[in-house]
Amino acid sequence: MTKVGLVGWRGMVGSMLLKRMCDEGDFSKISPTYFSTSAVGRTYRDPLGVEHCLRDANSVEQLGEVDIVITCQGGEYTKAIYPVLRASGWGGFWIDAASAKRMDDDSIIVLDPVNRAQIEAGIASGVRNYIGGNCSITLSLVGLTGLFRAGLVEWMSMMTYQAASGAGAPHVKELLGQMSAVGKRVDDSLADPNTPVLDVLTKAHTAARASDYPTEAFGVPLAGSIIPWIDSDLGNGLSREEWKGEVETNKILGLPPRTIRVDGLCVRVAALQSHSAAITLKLKEDCELDRLEALIRDAHEWVDLVPNNKQETIDRLSPAAVGGSLKVGVGRLRRLNVESQVYSVLTTGDQLLWGAAEPLRRVLNIILNAR
Ligand code: HSE
């Protein structure tokens, strides 16, 4: 049985990964070892009821005993442990949710509905590092695979609406805490239908300015607002999140850098766990919408192509509708009036599933099948 070491499995992405691995029966194919950075030696009862002694995630010797490491521990852990583990001679597979190794030449960004052939060729040729991609990129590529496969996309501009979950567990809790603080402040006013709405809004704004309003994680209010900057400031007007769009898209598609130009603005919104992106696509040729719809819908089983009408769009194409589902919603597809060959489309999908955990458990299965 293949020995698989799990690191960072208690966090938000890690917990989702374990849940999905249980749901899909992955644990019947592996012998798991649970690693920890903080509770080494303690006993852990896994989701199947089996007890494990937690091993040391900072021990190269202990990590070196497994065939595959899957880590959701974060980039700092990867940077600290990965080079030492490889230097010790370990030749196993490293599967990682963090971005630290994504753009390295010895890594493949995993998104098998889009690049399964690249993953299989990588395994056959000895690539040992398989890294999850940026969630906004992966969700949009899963949704639009058919257009990329047909070689139709010349460039795309992505305007993202990213959920709190992409920032981390404390951020999700903080957003809910902000919502709760505002709710408590306006509850009495809402109970009285005669309260003027401007009074309710004043109370909501006052709540968000109170000294005990929770903003430690985001630094600013998000409930009732947006944060139009995600990740670090590259100093050239671009956020690191925006920079990832082009480099990761081309790498996932197996194309030379800048083959498909990608740019846009990344914005944090008060959604909980699903990212959306309003995308402007410049295609290489003018296409009938029927053809584009067929390419998108028939690419694979995880696309829910939503017809471009109001009722189906508001019912099916939103974070609220897709949260918890493996389907990526794709809709608002139409020709834009500004120029020929330019189209709009909106994608939305669960950030913790296709945006984080799902590509990792699926590449684990691809590796297991190849062994
Ligand atoms: N960087 C993403 C975000 C999450 O902040 O939403 C993971 O790709």
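In listed order, ligands and their atoms are each counted from 1. Every value quoted in this text rests on a predicted model; they were computed, and no experiment measured them.
The option from Q351, K244, Q162, R268 that lies nearest to atom 5 (O) of ligand 1, judged by heavy atoms, is R268.
Comment: R45 engages E51 in a salt bridge, judged by a side-chain N to carboxylate O separation of less than 4.0 angstrom. Taking 4.0 Å as the cut-off between side-chain N and carboxylate O, D26 and R361 count as a salt-bridged pair. Contact check on D231 versus K244 returns a salt bridge, with a Lys/Arg side-chain nitrogen under 4.0 Å from an Asp/Glu carboxylate oxygen. A salt bridge links E76 with K79; the closest basic N to acidic carboxylate O contact falls under 4.0 Å.
Nearest protein neighbour of atom 1 (N) of ligand 1, counting heavy atoms only, is E241 OE1, 3.0 Å.
No option in L292, L283, V342, D286 other than D286 meets the side chain to side chain contact (heavy atoms under 4.5 Å, CB included) test with R335.
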**Study point:** From CA spacing to verdict: salt bridge (Lys or Arg N to Asp or Glu O under 4.0 Å), E246, R258
**Key:** CA-CA 7 Å; E246 181 168 285; R258 294 182 295 282; 5.3 Å; no

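Every atom of ligand 1 with a heavy atom of I230 under 4.0 Å away is listed here by number and element: 5 (O). Taking every heavy atom of G166 and a limit of under 4.0 angstrom, the matching atoms of ligand 1 come to 2 (C), 3 (C), 4 (C), 5 (O), 6 (O). With ligand atoms numbered from 1 in the order given, ligand 1 contributes 2 (C), 4 (C), 6 (O), 7 (C), 8 (O) to contacts under 4.0 Å with heavy atoms of C135.
Both the backbone and the side chain of N134 come within 4.0 Å of ligand 1, counting heavy atoms alone.
Not a single heavy atom of D231 sits under 4.0 Å from any atom of ligand 1.
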